[in-house]
> 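To start, I am sharing the structure in question, which I have written as structure tokens.
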Amino acid sequence: MCGITGWISYQRDLTEHRHDLDAMTATMSCRGPDAAGLWLAPHAALGHRRLAVIDLPGGAQPMTVQTPDGAVSMVYSGETYNFTELRAELRRAGQRFDTDSDTEVVLRGYIVWGEKLVEHLNGMYAFAIWDARTERLLMIRDRMGIKPFYYYETDDGVIFGSEPKAILANPVVAPVVGRDGLRELFSGAKTPGSAVWEGMREVRPGEIVVLDRGGLRRHTYWQLRSEPHTDSREETVAHVRELLDDIVRRQLVADVPRCTLLSGGLDSSALTSLSQIHLASLGEKVRSFAVDFPDQDKHFQAIDVAPTQDTPYVHAVAEHVGCDHQDIVLDGAALSAPEVRRAAVGARDLPIGIGDRDNSLYLLFAAVRRHSTVALSGESADEVFGGYPWFHDERRYAETFPWLAGHSLIESSGQLSEDLRPVLGLGEHIAESYRAAVAETPQLDGETGLDQRMRVVSHLHLTRMVQSLLDRKDRLSMAVGLEVRVPFCDHRLVQYVFNTPWSLKTFDGREKSLLRAATRDVLPESVADRKKSGYPGTFDPAYVTAIQSQSADLLRAGHPAVELVSRERLVEATTGPAAALSQQQRMLLERTLDLGAWFDIHRPTVKI
């Protein structure tokens, strides 16, 4: 896992811009604390920060292979889980290897297969290849978009990076956010390809972006497809388990300490149990970590997506599995610390967090990093297997994104400033985004009724919602140099379960029936039967009091963040009793503080 950046310019001599590449690369030192490297040619410059996970002595980047016709250079971020098999195949094709790294496997795979390299890869990755033989750049992102990848097209080339901050460090790029960017910030529905910053885009999941002297072109090499599912229930459950066993085995490969993130829910508990089974065969024991809060028993409040506390279930799994477990306990003072919020917002480059849950995730990752370099996470199981409450109630029929159904938009609740509300038109923006997303859903001939609708709902989650969650997890973990792997995003599993009829996904009348059936034998009964409960938040009154005070400070200072929200409602939220604050008021305080940190870090120019 690493951070990559680069600059292609057909009209400049980039060997004279080492300082700019140094600055771009330095922004990603947290993503790669182990090493840094630059490679410069007249029209191409590549930068890399390395987090060493595979082949610690080797695998330095940027990596170059000299061919009879010219050099081919690459910067690579991520992991290719089937690199051992691919190396053997490439050796049979005549390739010789100088390292044991997966990076060299990917680079030499390009030498042999060209763009068709992507058909061979199983993993999470974002990489750029400069082919001096044709003066062509390829930017490639994994199928599910696990690893981030951004680019900014210029008059004579492109600037790219793992994160927007790397691109914004280039003097050619100005930190500007316009109306479309603000709509992305406040709508709660991510548009694939959008990067919020003007002129910047994301490489979409499963996409190859090619640049040469003729310009920039994009094409999709992988996307979800609809096909008939002919396996029986028993065959389906068995195949899901077979896939999970293989995925976990592959994703535990590392030359550094690894662990699991354990919440006591079905997803993370299944991964922890399967990890322990595999590691026990190697004479090892899995480590696990969970987040908790002081006096959570006293302050806890059940909500739709988090109806139960995690800790009792976490401890039940740890005892059942026999893993080496540790709770990371975070108090209100730590969660409300301005430097923590600044770090979390700075990691994501945008004020689109979810308050204390981003802050606590950042602190959890920082604590885990002191013990492990790689962690397995249950992220995306809800999107793949249908775990959220709105998969199972009337919200699934709503003519909008189901996770927004039944919730007041920020504009309708009056939280945006009076000047901003009519300009953005969030309602119509979300409606247009929804229609575009539905139109992308691959249909299956003959499918009707609930199965047809749930195919749409699943596709919305797998192409829209999961992108926001994967980006959040990557950015907050890599901010502290922790590599988080997401087994449930293996494209083989996603494709298979996507085409499983809804009646099979809910055959026991509950959410995530297939996952529960495939892993029940390795779980405590209480966990196997636990109702879906999301990542926990704090209910510590001290935290709420602190964010009220900090928001009031922004009001008094006339901070530019305040200009984007309703001053009247912010005054109400900062002066009322902390215990009486509504969820909307707390959300407004969180949003205002995130905006404040964002303005302080990036000094954006906002064009309304």
Side-chain angles (χ1 to χ4, degrees), residues 1-3 27-36 49-57 77-79 124 162-163 251-264 268-269 271-272 275-276 279 284-294 296 310-311 314-315 317-318 321-348 353 356-379 472-487 535-538:
M1 197 71 72
C2 305
T27 64
M28 295 180 300
S29 59
C30 291
R31 293 188 74 90
D34 296 326
R49 291 291 313 203
R50 187 184 184 204
L51 176 65
V53 172
I54 301 291
D55 185 15
L56 306 191
S77 170
E79 304 291 347
M124 56 177 189
S162 291
E163 300 181 1
Q251 298 200 18
L252 283 172
V253 173
D255 295 331
V256 292
R258 63 272 207 233
C259 67
T260 65
L261 304 174
L262 178 60
S263 71
S268 65
S269 299
L271 292 182
T272 300
S275 296
Q276 176 58 33
L279 291 178
E284 301 179 42
K285 179 184 288 190
V286 68
R287 295 204 66 170
S288 61
F289 296 89
V291 68
D292 199 5
F293 309 100
Q296 187 75 336
D310 283 350
T311 302
V314 167
H315 293 170
V317 174
V321 171
C323 56
D324 182 3
H325 178 75
Q326 182 177 341
D327 290 330
I328 306 299
V329 181
L330 305 172
D331 62 26
L335 293 172
S336 63
E339 62 270 20
V340 172
R341 185 178 300 275
R342 183 183 176 94
V345 172
R348 300 192 70 180
D356 69 279
R357 286 171 171 81
D358 265 12
N359 298 353
S360 67
L361 194 60
Y362 172 83
L363 291 173
L364 170 64
F365 288 153
V368 171
R369 182 62 176 88
R370 291 193 282 271
H371 306 278
S372 297
T373 308
V374 170
L376 269 61
S377 165
E379 196 75 81
R472 170 179 180 248
K473 184 143 286 184
D474 175 89
R475 304 285 284 282
L476 292 173
S477 62
M478 290 305 294
V480 297
L482 177 70
E483 175 179 301
V484 173
R485 299 177 178 178
V486 282
Y535 183 80
T538 182

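In what follows, residues are counted from 1 in the order of the sequence shown.
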> I need the Lys285 NZ to Ser275 OG distance, nearest 0.5 Å.
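These two atoms lie 14.5 Å from each other.
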> If you define the side chain from C-beta out and look only at heavy atoms, does anything of Thr260 sit under 4.5 Å from Ser268?
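Not in contact.
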> Starting at CD of Glu163, measure out to CE of Met28 and round the result to the nearest 0.5 Å.
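Going from CD on Glu163 over to CE on Met28, the span is 7.0 Å.
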> Before giving the answer on side-chain contact (heavy atoms from CB on, under 4.5 Å), spell out for His315 and Asp327 the whole-Å C-alpha distance, their side-chain angles and the decisive distance to 0.1 Å.
CA-CA 9 Å; His315 293 170; Asp327 290 330; 2.7 Å; yes
> Please report the closest heavy-atom contact between Asp358 and Ala344, naming both atoms and the distance.
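Heavy atoms only, the tightest pair is O-CB, 4.3 Å.
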> Between Leu51 and Pro33, what is the shortest heavy-atom contact and its length?
CD1-CD, 3.8 Å
> Side chains of Met478 and Phe365: closer than 4.5 Å at any heavy-atom pair?
no
> Just do the side-chain contact (heavy atoms from CB on, under 4.5 Å) check on Ile328 and Leu363 with the steps written out, would you?
CA-CA 9 Å; Ile328 306 299; Leu363 291 173; over 6 Å; no
> What is the distance from atom CG of Leu376 to atom CD of Glu483, rounded to the nearest 0.5 Å?
9.5 Å
> Give the intermediate values and the outcome of side-chain contact (heavy atoms from CB on, under 4.5 Å) for residues Arg258 and Arg485.
CA-CA 10 Å; Arg258 63 272 207 233; Arg485 299 177 178 178; over 6 Å; no
> Which atom pair, heavy atoms only, marks the closest approach of Leu262 to Ala290?
O-CB, 3.0 Å
> Just wondering, do Gln251 and Met124 contact through their side chains at under 4.5 Å, heavy atoms?
no
> Can you tell me how far apart OG (Ser288) and CG (Asp324) are? Round to the nearest 0.5 Å.
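Atom-to-atom, Ser288:OG and Asp324:CG are 7.0 Å apart.
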> What's the spacing between Leu252 CG and Gln276 CD if we round to 0.5 Å?
10.5 Å
> For the atom pair CG (Leu335) and CZ (Arg357), what is the distance rounded to the nearest 0.5 Å?
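Those atoms lie 11.0 Å apart.
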> Asp474 and Arg31: side-chain contact (heavy atoms from CB on, under 4.5 Å), yes or no, with the steps?
CA-CA 10 Å; Asp474 175 89; Arg31 293 188 74 90; 3.0 Å; yes
